[in-house]
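Since the structure comes first, as structure tokens, the remarks are kept for the end.
Just so it is clear, the structure is predicted and the values come from calculations on it, not from any experiment. Excluded from the calculations below are hydrogen atoms, water molecules and symmetry mates; all remaining heavy atoms, backbone and side chain alike, are included.
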Amino acid sequence: MEIATVLKANGGCEADRRRLRRLRCSVKDYAWGKIGSDSLVYRVHAANSDREIDATRPYAELWMGTHESGPSYLEDGVTLRSWIAENPESLGDRVLEKWGCDLPFLFKVLSVGRALSIQSHPDKNLAKKLHKAHPNLYKDDNHKPEMALAYTQFEALCGFIPLQELKSVIRAVPEIEELVGSEEVNQVFCISEHDEEKVKSAVRTIFTLLMSAGPDTTKQIVSKLKHRLHMESQERHLTDKERLVLKLEKQYPDDIGVISAFFFNYVKLNPGEALYLGANEPHAYLFGECIEVMATSDNVVRAGLTPKPLDIQTLCSMLSYKLGFPEILKGSRIRPYITRYLPPFEEFEVDLCDLPCGASTVFPSVPGPSLLLVLQGEGRMSTDASADEISMGDVLFVPADTEIHLKSSSDLKLYRAGINSRFLDSP
């Protein structure tokens, strides 16, 4: 009788450990965020929080995960990180062996009202050096590959434009030559796109000279550029990039990031399209709302379009200087109603579930943890350990080896962030 009671108790504990955990999540009110109810982050936070929300502030990012700069909390007030430390089996053996007792990815919602900084994220070696040298600026020693999945139309600058386009830009934007010098600019016209190392060297030289311009020179050149474009707009239609540059100048007057935007690909994602970024790739999100997932890190090296501290020399020295348009992921249908976005990073992937009213689907059991975010509609989510009513704003932690059954009571849109299945499926 006593043995049966113990077994029953152990079974109850096991079922409790495998139960879905509702989370309360942290938000960031960075100045570039959208204001109040215009912000998807605000609307999700208002539904997710048990506190009154100030509708006059910008709401830029909702963080879901274990990073200490924006922790998630269980309903009893314990941080998700602490709960995982007490329940390491919730991560699964392979994740524990690879990354230790922590969630290796960070999940976010972004509402971008104006441009973020021109930035890049360090690889692991550089992250360790930066964290050791400047722990107040670089808060951890991890790399930060990331992926942005558009919820609305989403705009970004990402990576350096191809060589032929760069040559056209230099011809069309005389202010670049004025800033960096004709000798350096002419290097670009003397190299072939097939000589990859010479291309990278020339772009590195020009870009570093441009970004290193002093404040007085920058102010003068940006003003000159602005005046020229306004004059030319009376005689011709400006290009999309030229109109963007004028928009950036209004947001960040006299900033070197305004003119450096000419060097980058201008990417416009439609809802359901995704962009992924490896270490040492320059980018700046410009406008729109997206779901973002990354390795658990908050390391950002900035060089323009921001009032935050800049580290121009580090950014210019760390970049890969690869040229070309980035790959856009459109996702792959893995089962009815579920589309998977699979970047080339071990730490994460994202599934998008669009479930019509009254429909059902299943997220199969996987040997790693997941975070679920509901952005639209209502429904019911069940496992062999629990059943939960879900609605917009709900965020749940799913332990490893948990199969999830979903049934919608209205059109339901749900996102799952988890460990990259290529890693989990590998021998």
Between the side chains of [X] and [Y], is a donor N or O closer than 3.5 angstrom to an acceptor N or O?
X	Y	result
Ser117	Thr306	no
Ser320	Asn280	no
Thr205	Glu184	no
Asn142	Asn299	no
Asp311	His134	no
Gln313	Ser212	yes

With ring centroids as reference points, do Phe154 and Tyr151 lie under 6.0 angstrom apart?
-> no
Give a yes or no on whether the ring-centroid distance for Trp83 and Phe397 is below 6.0 angstrom.
-> yes
Are there over 12 heavy-atom neighbours, none belonging to [X], within less than 6.0 Å of that residue's [atom1]?
X	atom1	answer
Lys241	NZ	yes
Lys308	NZ	yes
Gln153	CD	yes
Lys198	NZ	no

Locate the shortest heavy-atom distance separating Tyr341 from Lys330; write the atom from each residue and the value.
-> CE2-C, 3.6 Å
Do you know which two heavy atoms are closest between Ser409 and Cys357, and how far apart they sit?
-> O-SG, 3.3 Å
Specify whether [X] and [Y] have parallel, tilted or perpendicular ring planes, treating 30° as the upper limit for parallel and 60° as the lower limit for perpendicular.
X	Y	answer
Tyr276	Phe345	perpendicular
His67	Trp63	perpendicular
Tyr321	Phe207	perpendicular

Find out whether the Lys NZ or Arg CZ of Lys34 is both under 6.0 angstrom from the six-membered ring centre of Phe287 and within 45° of the ring's axis.
-> yes
Taking 4.0 angstrom as the limit, do [X] and [Y] come out as a salt bridge?
X	Y	answer
Asp216	Lys219	no
Glu346	Lys98	yes
Lys132	Asp141	no
Lys139	Asp298	no
Arg21	Glu75	no

For residues 201-211, which residue pairs qualify under salt bridge (Lys or Arg N to Asp or Glu O under 4.0 Å), counting only residues two or more places apart or in two chains?
-> none
Please name all residues satisfying salt bridge (charged side-chain N to carboxylate O under 4.0 Å, His left out) with Glu292, sequence neighbours left out, ordered by chain then number.
-> none
Dump the intermediate steps for side chain to side chain donor-acceptor pair (under 3.5 Å) on Ser410 and Gln376, then the final yes or no.
-> CA-CA 9 Å; Ser410 64; Gln376 179 184 314; over 6 Å; no
